[in-house]
There are 2 protein chains.
Amino acid sequence: MADKVTIATVARHARVSRQTVSNVLNAPHIVREETRQRVQEAIATLGYRANQAARQMRTGRSRLIAARIEPTRDGINGSVLDRFLHGLTETADAAGYRVMLYTATDDGQEIATYDDLLGAYELDGFVLTGTDHGDPRTAWLADRSVPFVTFGRPWDAPESHPWVDVDGAAGTAQATSRLLANGHRRIAFLGWPEGSGVGDDRRAGWRTTLTAAGLDPDGLHRETEDGVADGERSMRELLATPEPPTGVVCASDSLALGALQAVRAVAAETAVIGFDDTPVAAAVGLTSVSQPLAVAAARCVELLTGVLDGHPTDPQVLLQPALVLRHTA
Amino acid sequence: MADKVTIATVARHARVSRQTVSNVLNAPHIVREETRQRVQEAIATLGYRANQAARQMRTGRSRLIAARIEPTRDGINGSVLDRFLHGLTETADAAGYRVMLYTATDDGQEIATYDDLLGAYELDGFVLTGTDHGDPRTAWLADRSVPFVTFGRPWDAPESHPWVDVDGAAGTAQATSRLLANGHRRIAFLGWPEGSGVGDDRRAGWRTTLTAAGLDPDGLHRETEDGVADGERSMRELLATPEPPTGVVCASDSLALGALQAVRAVAAETAVIGFDDTPVAAAVGLTSVSQPLAVAAARCVELLTGVLDGHPTDPQVLLQPALVLRHTA
DNA sequence: TTGTAGGCGTTATCAT
DNA sequence: ATGATAACGCCTACAA
């Protein structure tokens with residue numbers, strides 16, 4: 001490794017004081033143009049980079065944000081997080097921040113990790129994913145006034161902290177409308193047990209759309225855990241009813257894939273729409289609701305850096321999903 | 001936020017000097033047991049955490065390693081990286097390191113990022129994925145003696161740097177053997193154009209196994225880009241030959257999924273085996289070769305921290321994949 | 001507009 | 001075995 005280039009090296013090279021170099025970096029407007037040029041040149045030729053550790057010691061800011069990486073549970077929906085993280089890293093980078101990863105198996109452990117991360121690395125902020133009712137993590141962070149954003153609404157208290165989310169109800173409403181437009185009248189919904197914010201939201205979009213069309217949603221929905229097998233089982237049940245649905249909207253691509261298998265097993269023609277537009281959906285030709293993940297990630301970074309850099313933006317962002325049409329509906 | 005707890009706070013609380021606290025942390029053996037206990041207690045009650053920035057300034061080490069997150073290209077194979085990153089984060093954590101993310105669109109840009117990261121954050125090391133023949137990135141890092149490990153062999157010079165890889169040839173050999181054991185004699189291979197280390201390796205496993213069984217592999221393989229549509233097209237070609245294969249081994253789950261669709265389209269019974277055991281494979285019941293990604297990640301961290309902490313281990317690790325049997329073979 | 005002095009929290013060196 | 005002192009690179013007063 002070459003000799004370390006510090007602010008002093010640059011100062012010597014540009015024949016100015018260290019302070020002037022620092023000013024060029026942090027307050028360019030107070031430096032005379034000619035001097036600024038000379039310093040910039042020196043910086044470029046020497047390949048100087050401000051040492052973050054030293055800067056952090058002085059300013060207390062690390063320009064680091066943390067995000068959790070989860071153990072691809074079901075696998076199919078895991079790719080959502082993957083794409084979100086990628087977007088996060090790109091946008092953070094552009095804003096001069098870096099993303100640090102951590103894992104946690106439960107909320108308690110995750111909070112302990114916050115403590116660690118904050119103490120050791122003085123992280124500037126957190127991006128949380130998968131929040132739910134009464135999330136202890138947000139309370140902990142808020143108590144200590146640690147800046148954070150969640151990707152996902154706080155279902156209890158919508159205005160309690162900055163968040164970015166995708167309008168799931170609008171997504172399932174779009175899906176349901178699509179089926180209605182195609183002439184379907186008996187449209188079912190496959191989702192998760194009542195009580196999860198995300199799941200209830202997605203079901204609501206389907207329900208209100210059906211109701212608005214003068215149709216009765218009763219008996220046309222099934223609730224299970226998220227999984228291909230669960231989706232298949234539920235769909236079989238629906239297909240076995242006296243008046244089986246001719247179309248089904250699902251809360252996830254996993255459920256949709258299961259539904260699709262059930263449909264094909266009995267050689268039915270039932271239309272199927274999934275949620276998340278995962279690679280699996282693309283691969284099997286499944287019509288699915290797509291979340292704008294890159295945009296969501298970018299908004300998260302904007303919100304966070306806005307707070308950090310003192311130019312806060314509108315703290316709640318609800319993005320609209322889009323229906324990606326393929327072969328199944 | 002509560003008052004910052006520094007080494008001085010702990011020292012005062014335990015009625016020792018700052019240096020003694022530091023010694024308890026970094027060289028416990030030279031501190032008298034009784035003193036050590038008292039200091040440990042103070043650390044615990046105060047919730048003290050060594051400030052990494054300050055430590056880094058002094059030692060020049062950040063306890064940070066970097067890994068790239070890629071834009072889920074095909075999507076199906078993207079989950080491989082996802083699972084690898086998760087493993088990386090977990091193992092690094094256990095070893096006292098943190099993972100920092102970066103993105104890059106090409107090798108040149110990635111190298112520029114190394115420069116940034118090294119200059120600004122003094123990263124301790126890198127974990128590279130997806131290396132190929134004559135990779136400029138490894139050369140750059142080696143030139144500057146930056147510690148790094150690759151997940152993937154340097155196909156040119158196997159001993160040039162530490163790496164961890166999965167034996168792809170062994171994987172396709174297993175797959176081929178499985179088909180042979182099931183009585184298949186015409187076993188095809190769907191892979192990528194010659195020239196990629198990984199692709200050639202996987203094809204070699206199939207070829208040698210067939211040859212060893214006294215069978216002729218000629219004309220039974222197709223090379224395309226990686227994608228579901230490509231796999232389907234190639235498989236259609238093979239199925240249209242006078243003596244179509246009764247089984248096919250694929251270099252990826254994407255190709256295998258395409259192959260499966262081609263097979264089903266003509267209502268053939270051809271056995272299909274994929275590679276990577278992605279969630280898609282699990283979802284559609286595709287038999288696939290599974291890479292031990294968590295283990296690979298753990299080995300990468302071991303290799304890297306071994307070098308960093310001065311107890312280097314065997315620098316080349318080749319792991320064995322396993323065949324996951326499902327419905328398609 | 002530019003230069004000087006001090007300190008952020010830690011650890012290495014040296015002295016006790 | 002323990003303590004004092006200096007230094008890592010930077011930034012923020014303040015002085016010139």
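Quick caveat, the model's predicted, so the values are computed rather than measured. Each chain gets a letter, A, B and so on, in the order the sequences are listed, and its residues count up from 1.
Partners of B:Arg32 by salt bridge (Lys or Arg N to Asp or Glu O under 4.0 Å), not counting sequence neighbours, listed by chain and number: B:Glu34. With sequence neighbours excluded, the residues satisfying salt bridge (Lys or Arg N to Asp or Glu O under 4.0 Å) with B:Arg36 are B:Glu33. Under the rule for a side chain to side chain contact (heavy atoms under 4.5 Å, CB included), the partners of A:Ala67 that lie at least two apart in sequence or sit in another chain are A:Leu85, A:Leu88, A:Val99. B:Tyr48 is linked by a ring pair (Phe, Tyr, Trp, His ring centres under 6.0 Å) to nothing, counting only residues two or more places apart in sequence or in another chain. Residues that satisfy the side chain to side chain contact (heavy atoms under 4.5 Å, CB included) test with A:His13, not counting sequence neighbours, are A:Ala42, A:Thr45, A:Leu46. Residues that satisfy the ring pair (Phe, Tyr, Trp, His ring centres under 6.0 Å) test with B:Tyr97, not counting sequence neighbours, are absent from this structure.
Scanning residues 22-43 of chain B for heavy-atom distances under 4.0 Å to DNA chain C yields B:Ser22, B:Asn26.
Proximity of B:Met100 to B:Ile65: side-chain heavy atoms (C-beta onward) are nowhere separated by under 4.5 Å. B:Ile69 places a side-chain heavy atom less than 4.5 Å from the side chain of A:Asp82.
Scanning DNA chain D 5' to 3' for nucleotides with an atom closer than 4.0 angstrom to a non-hydrogen atom of chain B gives a first and last hit of D:dA1 to D:dG9.
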Atom pairs, N/O to N/O, protein against nucleotides 5-9 of chain C, distance under 3.5 Å?
| unit_1 | atom_1 | unit_2 | atom_2 | d |
| --- | --- | --- | --- | --- |
| C:dG6 | N2 | A:Arg58 | NH2 | 3.2 |
| C:dG7 | N2 | A:Arg58 | NE | 2.8 |
| C:dG9 | N2 | B:Ala54 | O | 3.4 |

Give me the distances for all protein-to-nucleotides 14-16 of chain C N/O pairs that come in under 3.5 Å?
none

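Counting only residues at least two apart or in different chains, salt bridge (Lys or Arg N to Asp or Glu O under 4.0 Å) contacts with residues 99-112 of chain A comprise A:Arg68-A:Glu110, A:Asp107-A:Arg137, A:Glu110-A:Arg137.
The two residues B:Thr305 and B:Ala95 come nearest to each other via the heavy atoms CG2-CB, 4.2 Å. Between B:Thr35 and B:Val16 the shortest heavy-atom distance is CG2-CG1, 3.8 Å. The two residues B:Asp276 and B:Arg83 make their nearest non-hydrogen contact at O-NH2, 3.3 Å.
The aromatic rings of A:Phe126 and A:Tyr102 sit perpendicular to each other, their planes meeting at more than 60°, with 30° as the lower class boundary.
Summary of helix geometry: the two end axes of the helix from C:dT1-D:dA16 to C:dT16-D:dA1, each defined by five base pairs via their C1' atoms, are inclined to each other by 40° (rounded to 10°).
Here B:Arg63 does not pair with B:Asp124 in a salt bridge; the nearest charged N to carboxylate O distance is not below 4.0 Å.
With B:Thr150 as reference, B:Thr138 is the one residue of B:Thr129, B:Val164, B:Asp165, B:Thr138 to meet the side-chain contact (heavy atoms from CB on, under 4.5 Å) rule.
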